[in-house]
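Owing to the predicted nature of the structure, the values given are computational and were not obtained by experimental measurement. By convention in this document, chain letters (A, B, ...) are assigned in the order of the sequence lines, proteins followed by strands, and residues within each chain are numbered from 1.
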There are 2 protein chains.
Amino acid sequence: MIQISTGDSRPIFRQIVDSIRLQIATGELEPGTKLPSVRGLAMQLTVNTNTVAKAYNELTAQGWLESRPGLGLFVSKPRKLFSDRERERRLNEAVQQFINQVIGLDYDPDELLQRLERDLRALDIRSARSAGNE
Amino acid sequence: MIQISTGDSRPIFRQIVDSIRLQIATGELEPGTKLPSVRGLAMQLTVNTNTVAKAYNELTAQGWLESRPGLGLFVSKPRKLFSDRERERRLNEAVQQFINQVIGLDYDPDELLQRLERDLRALDIRSARSAGNE
DNA sequence: CCATGTGTACTGTGTGTGGTGGTACAGTAG
DNA sequence: CTACTGTACCACCACACACAGTACACATGG
C-alpha cells in the first residue's frame, strides 16, 4: 500500500519513490511482484499520471524495478546498485545533512544515536544485496 | 570563515545558514562576536546581497543571531530555541530522511551507527543551550 | 551637519523544479 | 480489434532560488 501526505514537505514523486523503495528494502515487496499500473496508482492517489511515471522511472533507473514492455513494472532481484565511491559519497552526504538538521535541537549525542539505532533496527533491512547473488 | 561550494546541491543561502550555525554550535563563533556585514560577505562569496541577507534573517529568526540597528549582527547567547513538540518533530523528520537516503546503500546498521557516532563526537557540540542559563 | 557603513524592505527579472492536463505511440493479452 | 501496459512528448501554472537595483532608518566618525 502506497500512501502520500499533503503535510509532507517532500515532493509527491519523492514520497512515492521513498515509500516503494522502503517496502522493497524491508522485504514487504518481494522480487517479481507486479506493481500497480501508472494510471491505476495515479487514480488511487488522485495525482497526475506523469508524477507516478516520474517516480517509477527513477526506481527503474536505480535498479529497484524492471520494466516488461506491455506488461508492467516488477520488483527486480537484489543486486549491487552503487560503486564504492558513490556509496561513500552518499553516506557522507546523509550524515552531514542529518547533523545539520539536529544541530540546533540540543539533543545529547547518546540520545540521537539511541534513537537512530531504534528506528534502524525496527526496519529489519534486507542486506543481502551486495553479496550472495550473482 | 564561511565557504560555499558550487558542487553542493543545497541552495546558497542554506549553505551559509548551515555553516554559521555549525560554527556557533561548536563554539567556533562565541556569543557577542560580530559577523561580516551583509555586503561584505556577499562580496567575499561573490554572491548577491539578498542571498546573504536571507541567510542572516533565518539565523536571526531562529535566535542564533541578534541585530543591533546600525551596528551589525552578533552571535546571541545560547537559549532554548524550540518547543518540545517541535524538537521531537524535527528529530523524527531528520531520522526518517536519513534512513531514506541510506536505505539503498547496503550498509550494515552497526556500520551506520558507528559512522554517525564518530562524526557526532568529532563536533563537540555545546549542549548548554537549554539548561544552566537564564 | 554630513558621509559612510550597517540591516532591512521593497520591486522587478530570469531560471529551474514540481505538478497538472492532454495527446500519442509501441508492446502485450484477451 | 479492444483494452491495458509503459513511455515520450507538449503546454501551462506555481513556487523557490538567485540576481539586480533602489530606498529607508540607524549608528558612528569626520
Check: At under 4.0 Å between heavy atoms, what does B:Arg68 touch on the DNA or RNA strands: base, sugar-phosphate, or nothing?
Finding: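 It contacts nothing in the nucleic acid.
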
Considering only side-chain heavy atoms of [X], which listed nucleotide, [options], is closest?
X	options	answer
B:Pro69	D:dC26, D:dT7, C:dA29	D:dC26
A:Tyr56	D:dG6, D:dA27, C:dT8	D:dG6
A:Lys34	D:dC19, D:dT5, D:dA27	D:dT5
B:Arg39	C:dG21, C:dG7, C:dT28	C:dG7
B:Val38	D:dT5, C:dG7, C:dG18	C:dG7
B:Asn50	D:dA18, C:dA9, C:dG19	C:dA9
A:Asn57	D:dT7, C:dG7, C:dT20	D:dT7
B:Ser37	D:dT7, C:dG7, C:dT20	C:dG7
A:Ser67	C:dG19, D:dT7, D:dC26	D:dT7
B:Leu71	D:dA18, C:dT20, D:dT28	D:dT28

Within the supplied structure, the quantity of interest is the number of heavy atoms (other residues, nucleotides, ligands) at a distance under 6.0 Å from [X] [atom1]; does it exceed 12?
X	atom1	result
A:Gln114	CD	no
B:Gln62	CD	yes
A:Glu30	CD	no

Between [atom2] on [N] and [atom1] on [X], what's the gap in Å once rounded to a whole number?
X	N	atom1	atom2	result
B:Phe74	D:dA27	CZ	P	12 Å
A:Leu59	D:dG6	CG	C1'	14 Å
B:Phe13	D:dC15	CZ	C1'	13 Å
B:Met43	C:dT6	CE	C1'	15 Å
B:Asp8	D:dA18	CG	C1'	16 Å
B:Leu65	C:dT8	CG	P	9 Å
B:Leu73	C:dG7	CG	C1'	7 Å
B:Asn48	D:dA16	CG	C1'	15 Å

Check: Is it true that A:Asp106 and B:Arg79 make a salt bridge, defined as a side-chain N closer than 4.0 Å to a carboxylate O?
Finding: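 Salt bridge: no.
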
Next item on the list: Taking only Lys NZ, Arg NE, NH1 and NH2, and the carboxylate oxygens of Asp or Glu, determine whether A:Glu86 and A:Arg89 approach each other closer than 4.0 Å.
Entry: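 The answer is yes: the pair qualifies as a salt bridge.
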
Margin query: Can you tell me if B:Thr51 touches the phosphate of D:dC19, counting only side-chain N or O atoms and a distance under 4.0 Å to OP1 or OP2?
Written below: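 Yes, such a contact exists.
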
Item checked: side-chain N/O B:Lys54 vs D:dA18 OP1/OP2, d < 4.0 Å ->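 No, no such contact exists.
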
Note to self: For a quick check under 3.5 Å, do A:Asn92 and B:Arg115 share a side-chain donor-acceptor pair by atom type?
What the structure shows: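 Side-chain D/A pair, A:Asn92 to B:Arg115: present.
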
